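Heads up, the thing below is written out as structure tokens.
Residue numbering restarts at 1 for every chain, and letters A, B, ... go by the order of the sequence lines. Because the structure is predicted, anything quoted here is derived from the model rather than measured.
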Number of protein chains: 2
Amino acid sequence: MDAHKKQTGESEAPAVCKACEARHGGICAALSASQLVELNKHSTRRKVEAGNEVIGQGESVGSYSNILNGVVKLSKMMADGRQQIVGLQFAPDFLGRPFLSESSVTAEAATETEICCFPRPIVERMVGEARELERKLHSQSLKELDEARDWMLTLGRKTAQEKVASFLYLIATHIDPEKSGGNSTTFDLPLSRADIADFLGLTIETVSRQMTKLRKENIIVIENNRHVIVPDKRRLRYAAGND
Amino acid sequence: MDAHKKQTGESEAPAVCKACEARHGGICAALSASQLVELNKHSTRRKVEAGNEVIGQGESVGSYSNILNGVVKLSKMMADGRQQIVGLQFAPDFLGRPFLSESSVTAEAATETEICCFPRPIVERMVGEARELERKLHSQSLKELDEARDWMLTLGRKTAQEKVASFLYLIATHIDPEKSGGNSTTFDLPLSRADIADFLGLTIETVSRQMTKLRKENIIVIENNRHVIVPDKRRLRYAAGND
DNA sequence: CGAAGGGTTGAAGTCAGTCAAATAATGTGG
DNA sequence: CCACATTATTTGACTGACTTCAACCCTTCG
């Protein structure tokens, strides 16, 4: 059957892609099978350990990539070292901006992360050819913009308590491996207290205090510092000030 | 000459557009002369007084528009009334998101503003036809995303003093009617103290106090509460923590 | 003139930051 | 597997930046 398709000029999606975590929903979903084959020829899977940079702020970008699993944090730093995480990216998000060689943020793996890397020229050619791909990139940008603006409200107007609850709620609704059947969830925090603090515009100590406060109010249960159980997502959402 | 062009099927840009403030740099720059004529047939100029809504949060959008002059603020509000301005838009920015009927923010004129309105269906058809237009919209989204993330750093990590300086610097570099020859500038604040507070995640009082502090440090001169003189933009930039 | 809205200023209170120390988790070499 | 070093997190006491509450000023407008 594969042979037949090849004879007629049609191509099947590469086997790696078929099994790919990011095949659907990601940028690749906007490509035809033959484009996928083309892209796949030059793409390489890469494991990035927690804490390693994917793209440096103001660095020239050599390649683009899709997140296959794990969490990538986007951050900005001031001259004096103050830092702010400006976004979190999950599978199957696309990293990088075709045609813009400079990145305005630093992208760093928050957890152990797997990415699928594409060389710059290939991606840029494909963006030119496949309109669907451009649309997909545009819509991801819009999604990121909405998230950024939501977070501005959190940073500017919420209390420390609400900020921490907002963060936990964000993770609960993004990591969520469908195990969330009903109103309860469970997950491992992808970020250290220091990262959470940088995301929320707080200090480590305040994050810690608010976590224990949420724990004492039975809104969350914490095991091993990283594992969190949310018995009732609505309560968490409420604590986050989301209604 | 116009007649000749019409005979050959070519068309000239409409007169209104030729004189338009947003003709260059704006979305219209991505359109051919004939598309411009087409769009112009259905577009209407509208004046919006300061304080009036252009698009409501969660409201269905009846039309899109270009800002011709003035400043539009994008804001979000929490259930209990706390508010955060998540973006400022200047001419020749485009307002609205083709194909998305719901807006996640409220757009309100901060100053008296003139906009050029286009009916939804026309814009959406054109986006489908003109790839250049789609690109332009995408690149405006990316610009807004960068601005949003810059502001996240301001909201999360800067002091009240730096926030106010950042705001003034932002305005100085955006209003800037080329009169800024060298290092000094002058402008009228497009936002009230209340709006500035909502933009910076502060209270009116804190904004006021920081303004007088900057005044006493001779970084700015204030006349009539709204008119600001910046003798040295570099000093303001420094006060904003931008290096 | 008096009312109303926007802006400034002052005094007191509070939330989150800072500094410091204790405790828990993680890793390393023996 | 243990003793130790190292790092991450929690907890406490104190400080300080920003908020809150309140009064006041100034301009505008009926």
Side-chain angles (χ1 to χ4, degrees), chain A residues 49-51 73 78 80-84 110-112 154-168 188-217 220-228 239 241, chain B residues 49-51 73 78 80-85 108 110-112 154-168 188-217 220-228 239 241:
Chain A
E49 293 173 56
K73 56 186 204 215
M78 292 174 61
D80 62 6
R82 279 176 286 178
Q83 205 175 8
Q84 175 68 44
T111 63
E112 160 135 331
T154 300
L155 288 172
R157 289 305 186 195
K158 291 190 183 175
T159 64
Q161 166 101 275
E162 289 170 328
K163 284 181 178 182
V164 171
S166 296
F167 168 74
L168 292 172
D188 279 308
L189 285 177
L191 269 59
S192 67
R193 297 292 187 273
D195 280 341
I196 298 174
D198 277 343
F199 193 31
L200 298 172
L202 298 172
T203 59
I204 306 180
E205 295 94 326
T206 302
V207 171
S208 179
R209 274 187 256 272
Q210 299 305 328
M211 295 268 281
T212 62
K213 206 161 163 226
L214 288 170
R215 186 162 49 72
K216 283 179 182 162
E217 289 166 3
I220 55 171
V221 180
I222 304 177
E223 285 171 359
N224 287 330
N225 281 338
R226 282 283 186 130
H227 193 73
V228 177
Chain B
E49 293 173 57
K73 56 185 206 219
M78 292 173 62
D80 61 6
R82 279 177 284 178
Q83 205 175 6
Q84 175 69 44
I85 292 180
E108 186 180 317
T111 63
E112 162 136 329
T154 300
L155 288 173
R157 289 305 185 195
K158 291 190 183 174
T159 64
Q161 167 101 273
E162 290 170 328
K163 284 181 178 182
V164 171
S166 296
F167 169 73
L168 293 172
D188 280 309
L189 285 177
L191 269 56
S192 68
R193 297 293 187 273
D195 280 341
I196 299 174
D198 278 343
F199 194 31
L200 298 171
L202 298 171
T203 59
I204 307 180
E205 295 94 326
T206 302
V207 171
S208 178
R209 276 186 254 270
Q210 298 304 330
M211 296 267 282
T212 62
K213 203 162 165 226
L214 288 170
R215 184 162 50 69
K216 282 178 183 162
E217 289 166 4
I220 55 171
V221 181
I222 304 178
E223 285 171 0
N224 287 330
N225 281 340
R226 282 284 188 132
H227 192 72
V228 177

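Distance CG (B:N225) to P (D:dT27): 9 Å, rounded to an integer number of Å. Taking atom CD of B:E223 as the reference point, atom C1' of D:dT27 lies 16 Å away to the nearest angstrom. Taking atom CD1 on A:I204 and atom P on D:dA8, their separation rounds to 9 Å, with Å as the unit. For B:L200 and D:dC18, the CG to P distance is 12 Å, given to the nearest whole Å. Regarding A:I196, its CD1 atom lies at a distance of 8 Å from the P atom of D:dT9, rounded to whole Å. Going from atom CG of A:L191 over to atom C1' of D:dA8 covers 14 Å, rounded to whole Å. For the pair A:R226 CZ and D:dT7 C1', the computed distance is 12 Å after rounding to whole Å.
Counting heavy atoms from C-beta outward, B:V207 and B:F167 have side chains that stay 4.5 Å or more apart. Looking at heavy atoms from C-beta onward, B:T154 lies out of side-chain contact with B:E162 at the 4.5 angstrom threshold. Side-chain contact between B:L200 and B:V164 is present, with at least one heavy-atom pair separated by less than 4.5 Å. Residues B:L189 and B:L168 form a side-chain contact, since some pair of their non-hydrogen atoms from C-beta on lies under 4.5 Å apart. Put simply, the side chain of A:K216 does not reach to within 4.5 Å of the side chain of A:K213, judged on heavy atoms. Here the side chains of A:R193 and A:M211 are in contact, with some heavy-atom distance below 4.5 Å.
Between the NZ atom of B:K158 and the CZ atom of A:R82 there is a distance of 8.0 Å, given to the nearest 0.5 Å. Expressed to the nearest 0.5 Å, how far CD of A:E223 lies from NE2 of A:H227 amounts to 5.5 Å.
A 4.0 Å heavy-atom criterion places the boundary nucleotides of DNA chain C facing chain A at C:dA16 to C:dA25, written 5' to 3'.
Comparing A:T159 and A:N224, the nucleotide of DNA chain C nearest to each residue sits closer to the 5' end for A:T159. Mapping A:R157 and A:R193 onto DNA chain D by nearest heavy atom places A:R193 at the nucleotide closer to the 5' end.
By the salt bridge (charged side-chain N to carboxylate O under 4.0 Å, His left out) test, B:K73 is found to be paired with B:E108, B:D195, residues two or more places apart in sequence or in another chain being considered. By the salt bridge (charged side-chain N to carboxylate O under 4.0 Å, His left out) test, A:R157 is found to be paired with B:D198, residues two or more places apart in sequence or in another chain being considered. A:R209 is linked by a salt bridge (charged side-chain N to carboxylate O under 4.0 Å, His left out) to nothing, counting only residues two or more places apart in sequence or in another chain.
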What are the atom names and distances for every N/O pair under 3.5 Å that joins the protein to nucleotides 20-23 of chain D?
{"from": "D:dT20", "atom 1": "O4", "to": "B:R209", "atom 2": "NH2", "distance (Å)": "2.8"}
{"from": "D:dC21", "atom 1": "N4", "to": "B:E205", "atom 2": "OE2", "distance (Å)": "3.1"}

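In the helix from C:dC1-D:dG30 to C:dG30-D:dC1, the rotation axis of the first five pairs and that of the last five pairs differ in direction by 30°, rounded to 10 degrees.
Using a 4.0 Å heavy-atom cutoff across all strands shown, B:S192 reaches sugar-phosphate atoms only and no base atom.
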